[in-house]
Amino acid sequence: MKDFFEENVERKGTASFKWDMTKEVFKTDTDVLPMWVADMDFRPPKAITDALHARVEHGIYGYTYIGDSVVEAITSWLSRRVNWDIKKEWILYSNGVVPSIGKAIQALTQPGDKIMIQSPVYPPFFSMVKENDRVIENCPLVEEQDQYGIDFDAFEASLKTGVKMFILCHPHNPIGRVWTETELRKMADLCMENDVIIVSDEIHSDLVLKPFKHVPMASLSEEIAQQTITLIAPSKTFNLAGLQASISITPNKGFREKIQDVDKKLGFHTLNTFGILAMEMGYRHGEEWLEGLLDYLKGNVETVDNYFTEHLPELKLVPTQATYLLWIDCRKLELSDAKLNKLFVEDGKVGFNPGTSFGKGGEGFVRMNVACPQATVLEGLKRMKKAIKG
């Protein structure tokens, strides 16, 4: 399986946002190695590719629907992977987790309502709140020695300011934290005490590195489940972002009906043919591939950590428990964020997500994507070293 992930797949010229838009994204004519946006440079499981080929060969792509076999693949996957048993009627579909966040905001809050997030966090959390005319209540995460945690006094105080919804990133992007059951229960209990709806973005839940384990927020109790909308997708798991298929899960009938009302206004009825098929094949046949991926990603994370220790002690990798997105502390370089970005892009010819794009607490950090062959990871590291030492 390792050889599969070592393959260098040429992605330039495929309308790849990651590889073909570097000049526009980084505002430079420099030939930048892209190690930023969260998609992988790996082919998906063969079962997915074979099924898509067969569908293309069939040659007719008319109206389609999401059948019971898809539902069975989803529910079986969740039962096997995270020990969470859900019912068919709890499931809604969308063309992405970000649109699902937007629909939940529109359906369950009003303009001017406060929505709480925890920076540094995935940038669309900010934009979905703002674009829907709601107000951000930011309760930043706190640095605790080598890792991040939650100030629960501040968390409770923020909720009591009139927050109507809390968007949780679980596992967390960009810091790579897998929230513990104790932390999840504390957050959920405080949300329930203050009648705050929980939207739990669990898109990275399949990408938890051993020995850590993912616990779905809604699996903790029936009461918590009734307060929670869980968002997952095969896109990060199997590298299918371009097929635009995601899932919202909640046992709360009132929540579902209000979200479905938004779907009706948007004219959204189902997913595209290829997204449906790829989702089913991934959840039905992608487990062995995923286990191989997780082993490979863990090796890439260790490669970066070891390289920093040996060659770049100025940089510090925040311990990574999940995802292929590394949160790198560059504050010892004592550079402004603009100069830090210029250092890597112009001098190193390597492109990362600037930490400032993740909000308060991201200053002096960059996010690095290591879902690529190890040779690419090493090339990126060499470019970082050249920029810093040069």
Side-chain angles (χ1 to χ4, degrees), residues 38 73-87 90-105 108 115-118 121-125 128 141 148 150 165-188 191 196-209 212-221 224-241 244-252 255-256 259 279 282-283 286-287 290 293-294 297 320-325:
I74 295 167
T75 57
S76 178
W77 179 267
L78 290 171
S79 181
R80 293 196 314 273
R81 299 295 301 184
V82 294
N83 196 32
W84 186 28
D85 294 323
I86 68 169
K87 296 180 180 179
W90 296 2
I91 301 173
L92 300 174
Y93 301 94
S94 182
N95 54 4
V97 162
V98 174
S100 294
I101 292 172
K103 289 192 289 185
I105 290 172
L108 302 171
I115 297 177
M116 193 170 83
I117 61 175
Q118 299 167 301
V121 75
Y122 183 48
F125 282 20
M128 282 296 95
L141 299 171
Y148 285 78
I150 300 165
M165 177 179 285
F166 166 47
I167 307 177
L168 171 66
C169 201
H170 172 47
H172 196 281
N173 169 17
I175 67 170
R177 266 300 310 273
V178 177
W179 302 116
T180 66
E181 184 172 336
T182 299
E183 290 168 320
L184 293 169
R185 287 189 182 277
K186 282 186 178 181
M187 287 188 280
C191 285
V196 173
I197 298 165
I198 303 167
V199 175
S200 187
D201 175 0
E202 302 186 14
I203 193 171
H204 292 282
S205 57
D206 290 321
L207 299 174
V208 173
L209 306 178
F212 301 96
K213 294 186 180 299
H214 177 76
V215 178
M217 171 65 89
S219 71
L220 295 175
S221 73
I224 295 172
Q226 288 291 331
Q227 197 80 2
T228 302
I229 301 163
T230 303
L231 310 179
I232 64 170
S235 52
K236 292 293 183 285
T237 307
F238 303 115
N239 204 26
L240 305 173
Q244 299 186 327
S246 77
I247 304 156
S248 301
I249 305 167
T250 180
N252 189 309
F255 289 177
R256 293 199 308 272
I259 293 170
M279 178 164 59
Y283 286 142
E287 202 152 12
L290 177 59
L293 171 70
L294 292 174
L297 292 178
T320 304
Q321 300 174 355
T323 84
Y324 47 76
L325 305 167

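In what follows, every heavy atom counts, from backbone to side chain, and hydrogens, waters and symmetry copies are set aside.
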Minimum heavy-atom separation for [X] and [Y], please, with both atom names.
X	Y	answer
Phe255	Gln226	CE1-O, 3.5 Å
Val121	Pro174	CA-CD, 3.9 Å
Leu294	Asp206	CD2-O, 3.8 Å
Met217	Glu202	N-OE2, 3.2 Å
Ala322	Val208	CB-CA, 3.8 Å
Gly282	Phe238	O-CZ, 3.2 Å

Value rounded to 0.5 Å, distance of [atom1] in [X] from [atom2] in [Y]:
X	Y	atom1	atom2	value
Thr75	Ile91	OG1	CD1	6.5 Å
Ser205	Arg81	OG	CZ	9.5 Å
Met165	Ile197	CE	CD1	4.5 Å
Ile74	Ile86	CD1	CD1	7.0 Å
Met128	Ser100	CE	OG	11.0 Å
Thr323	Asn173	OG1	CG	6.5 Å

*Please determine, by modelled atom types, if Ser79 and Asp85 share a side-chain donor-acceptor pair under 3.5 angstrom.*
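Yes, because at least one side-chain N or O of Ser79 sits under 3.5 Å from a partner of the opposite role on Asp85.
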_Check: Trp90/Asn252 side-chain N/O donor and acceptor closer than 3.5 Å_ =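 Judged by distance alone, the side chains do not pair up.
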*Begin from the C-alpha positions of Leu168 and Trp179 and carry the test side chain to side chain contact (heavy atoms under 4.5 Å, CB included) through to its verdict.*
CA-CA 10 Å; Leu168 171 66; Trp179 302 116; 3.9 Å; yes
Say whether, by atom type as modelled, one donor and one acceptor occur between the side chain of [X] and the main chain of [Y] under 3.5 angstrom.
X	Y	result
Tyr324	Ala38	yes
Ser246	Ser94	yes
Arg256	Pro251	yes
Thr250	Thr228	yes
Ser235	Ala241	no

*Report the residue from Ile198, Leu108, Ile101, Ile167 that forms a side chain to side chain contact (heavy atoms under 4.5 Å, CB included) with Ile229.*
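Only one of Ile198, Leu108, Ile101, Ile167 forms a side chain to side chain contact (heavy atoms under 4.5 Å, CB included) with Ile229, namely Leu108.
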Could you tell me whether the side chain of [Y] reaches within less than 4.5 Å of the side chain of [X], counting heavy atoms only?
X	Y	answer
Leu290	Leu207	yes
Val82	Val215	no
Leu240	Met279	no

*Given the rule in the side chain to side chain contact (heavy atoms under 4.5 Å, CB included) test, do Met187 and Leu184 qualify, once you have shown the distances and angles that lead to the verdict?*
CA-CA 5 Å; Met187 287 188 280; Leu184 293 169; 4.0 Å; yes
*Would you please test Glu181 and Leu220 for side chain to side chain contact (heavy atoms under 4.5 Å, CB included) and show each step?*
CA-CA 8 Å; Glu181 184 172 336; Leu220 295 175; 3.6 Å; yes
_Could you check, using the six-membered ring where one of them is a Trp, whether His214 and His204 have ring centers closer than 6.0 angstrom?_
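For His214 and His204, the ring centres are not under 6.0 Å apart.
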_Once you measure the plane-to-plane angle for Tyr283 and Trp77, does it fall in the parallel (<30°), tilted (30-60°) or perpendicular (>60°) bin?_
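Tilted, since the angle between the ring planes falls between 30° and 60°.
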*Take Phe125 and Met116, measure what side chain to side chain contact (heavy atoms under 4.5 Å, CB included) needs, and give me the verdict at the end.*
CA-CA 9 Å; Phe125 282 20; Met116 193 170 83; over 6 Å; no
*Out of Glu183, His172, His170, which one pairs with Arg177 under the side-chain hydrogen bond (donor to acceptor under 3.5 Å, both in side chains) rule?*
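In the set Glu183, His172, His170, the residue that makes a side-chain hydrogen bond (donor to acceptor under 3.5 Å, both in side chains) with Arg177 is Glu183.
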